[in-house]
Structures are given as structure tokens and as C-alpha cells.
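Read through the structure below, which is laid out as C-alpha cells, and then see the notes.
This is a predicted model, so every value here is computed, not measured. Below, all heavy atoms of this structure are taken into account, side chains as well, without hydrogens, waters or symmetry copies.
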Amino acid sequence: QVQLVESGGGLVQAGGSLRLSCAASGSIFRIDAMAWYRQAPGKQRELVAAITSGGSTNYADSVEGRFTISRDNAKNTVYLQMNSLKPEDTAVYYCNAEIRTSYYYPTRGYWGQGTQVTVSS
């Protein structure tokens with residue numbers, strides 16, 4: 001079994017910062033891409049940022065220059081540093097990881113339980 005556990009969400013004023021963490025644990029052979037998604041009330045889940053196992057990153061236009069995704073492969077952990085937060089960043093943030101649990105099994109995606117980020121104006 002594989003688990004992704006997120007932490008670091010909370011309430012912050014506009015212009016403030018938060019750092020999200022997501023740690024993967026369990027039967028892990030290899031982790032490929034890791035990513036953060038978010039879902040605001042009444043909206044579809046959207047990709048915020050992604051990072052490959054080699055460290056290449058990509059960001060949604062709405063967060064480019066304000067958010068930074070990083071990972072610690074030794075700890076099986078991905079981070080999202082969020083600066084200059086805006087009220088429109090308010091959402092539940094989900095961690096996603098492409099994980100292979102064994103040499104014999106294909107890679108599949110796993111999701112965390114989500115962490116609430118609320119930005120007040």
C-alpha cells in the first residue's frame with residue numbers, strides 16, 4: 001500500500017506565504033513525476049505545478065513566479081512554496097505522485113487526502 005500525506009495548509013492573509021509538504025510512504029519501488037493540484041468550490045480540479053524525478057518543473061500560468069515546487073527524493077517528499085498569495089488561490093490542494101510499487105507492476109497515480117488553503121483579503 002502507498003500513502004500520500006499532505007501538511008502545511010491553513011489560513012493566511014493576502015500577500016502571505018505558506019509551504020505545503022506531501023510525503024509518500026509504503027511499498028515504493030520508484031516515484032516518477034510528482035505534482036500539486038487544487039480544487040476550489042464549484043470548480044474543476046486543476047494542475048498547479050509538477051516536477052519530474054530529474055527536477056524539471058512546470059507551472060500553471062496563474063501561479064508562475066509566485067509558487068515553487070521542489071522535491072526531496074531521499075525523503076519521497078514534494079513541497080510547494082506559495083508566496084504572494086491571493087484570495088483566488090483559496091482551494092483544497094492535493095498532492096499527486098506517479099509511483100511504481102514493484103519492478104513487476106506498472107506506474108500508477110496516487111492522491112493525497114487534500115489540505116485546505118484559505119487566503120483572506
Side-chain angles (χ1 to χ4, degrees):
Q1 292 287 356
V2 172
Q3 275 192 316
L4 298 182
V5 179
E6 298 127 334
S7 60
L11 173 64
V12 64
Q13 287 189 332
S17 299
L18 283 174
R19 188 190 194 211
L20 305 183
S21 299
C22 172
S25 62
S27 180
I28 297 172
F29 175 71
R30 188 183 72 209
I31 302 178
D32 294 330
M34 305 183 83
W36 288 95
Y37 288 74
R38 68 185 180 188
Q39 187 166 19
K43 295 188 176 182
Q44 289 189 329
R45 190 173 297 189
E46 62 174 358
L47 176 66
V48 175
I51 184 168
T52 67
S53 58
S56 297
T57 59
N58 68 281
Y59 297 92
D61 290 343
S62 58
V63 307
E64 182 83 54
R66 299 188 298 122
F67 290 11
T68 302
I69 189 171
S70 61
R71 65 190 284 173
D72 184 333
N73 291 329
K75 296 181 179 180
N76 291 336
T77 299
V78 62
Y79 306 96
L80 185 68
Q81 177 66 43
M82 305 185 292
N83 298 328
S84 303
L85 282 161
K86 304 175 181 180
E88 51 264 43
D89 294 317
T90 295
V92 177
Y93 283 70
Y94 297 91
C95 171
N96 175 273
E98 298 294 318
I99 297 174
R100 196 170 182 182
T101 57
S102 165
Y103 175 83
Y104 302 100
Y105 294 111
T107 300
R108 55 155 286 195
Y110 292 84
W111 291 93
Q113 80 285 357
T115 184
Q116 177 70 46
V117 171
T118 303
V119 184
S120 63
S121 57

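- Val117 approaches Gly9 most closely through the heavy-atom pair CG2-CA, 4.2 Å.
- Looking only at distances, a side-chain donor or acceptor of Arg71 sits under 3.5 Å from a matching main-chain atom of Thr52.
- At least one donor-acceptor pair under 3.5 Å links the side chain of Thr90 to the backbone N or O of Val119.
- Atom CZ of Phe67 sits about 14.0 Å away from atom OG1 of Thr57, to the nearest 0.5 Å.
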Trace of the side-chain contact (heavy atoms from CB on, under 4.5 Å) decision for Leu47 with Asn58: CA-CA 10 Å; Leu47 176 66; Asn58 68 281; 3.9 Å; yes
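- In terms of hydrophobic clustering, with Ile, Leu, Val, Met, Phe, Trp and Tyr side chains grouped at heavy-atom distances under 4.5 Å, Tyr110 and Tyr79 are assigned to different clusters.
- Residues Val63 and Arg38 are in side-chain contact: their nearest non-hydrogen atoms beyond the backbone lie under 4.5 Å apart.
- Between Thr77 atom OG1 and Leu4 atom CG the span is 10.0 Å, to the nearest 0.5 Å.
- Residues Cys95 and Val78 come closest through the heavy atom pair SG-CG1, 3.8 Å.
- The structure places OG of Ser121 at 14.0 Å from NZ of Lys86, a figure rounded to the nearest 0.5 Å.
- Glu6 places no side-chain N or O within 3.5 Å of a backbone atom of Cys22 that could act as its donor or acceptor partner.
- Looking at heavy atoms from C-beta onward, Val48 lies out of side-chain contact with Met82 at the 4.5 angstrom threshold.
- Residue-environment remark: CD (Glu88) exceeds the threshold of 12 foreign heavy atoms within 6.0 Å.
- Going from atom CG of Leu80 over to atom OH of Tyr93 covers 7.5 Å, rounded to the nearest 0.5 Å.
- In the model, Asn83 has a side-chain atom that pairs as donor or acceptor with a side-chain atom of Ser17 under 3.5 Å.
- Without hydrogens or angle criteria, Tyr59 side chain to Ile69 main chain gives a donor-acceptor distance under 3.5 Å.
- The number of heavy atoms from other shown groups lying within 6.0 Å of CZ (Phe29) is above 12.
- Cluster annotation: Trp36 and Val92 are assigned to distinct hydrophobic clusters (Ile/Leu/Val/Met/Phe/Trp/Tyr, side-chain heavy-atom contacts under 4.5 Å, transitive).
- The cluster map of Ile, Leu, Val, Met, Phe, Trp and Tyr, joined by side-chain heavy atoms under 4.5 Å apart, puts Val2 and Met34 in the same cluster.
- Relative ring orientation between Tyr94 and Trp111 is described as perpendicular, the plane-to-plane angle rising above 60° on a 0-90° scale split at 30° and 60°.
- With values rounded to the nearest 0.5 angstrom, Asn76 atom CG is found 4.5 Å from Ile28 atom CD1.
- For the atom pair CZ of Arg100 and CD1 of Ile31, the computed distance is 13.5 Å after rounding to the nearest 0.5 Å.
- Under a hydrophobic-cluster definition in which Ile, Leu, Val, Met, Phe, Trp and Tyr are linked whenever side-chain heavy atoms come within less than 4.5 Å, directly or via other members, Ile99 and Tyr37 are assigned to different clusters.
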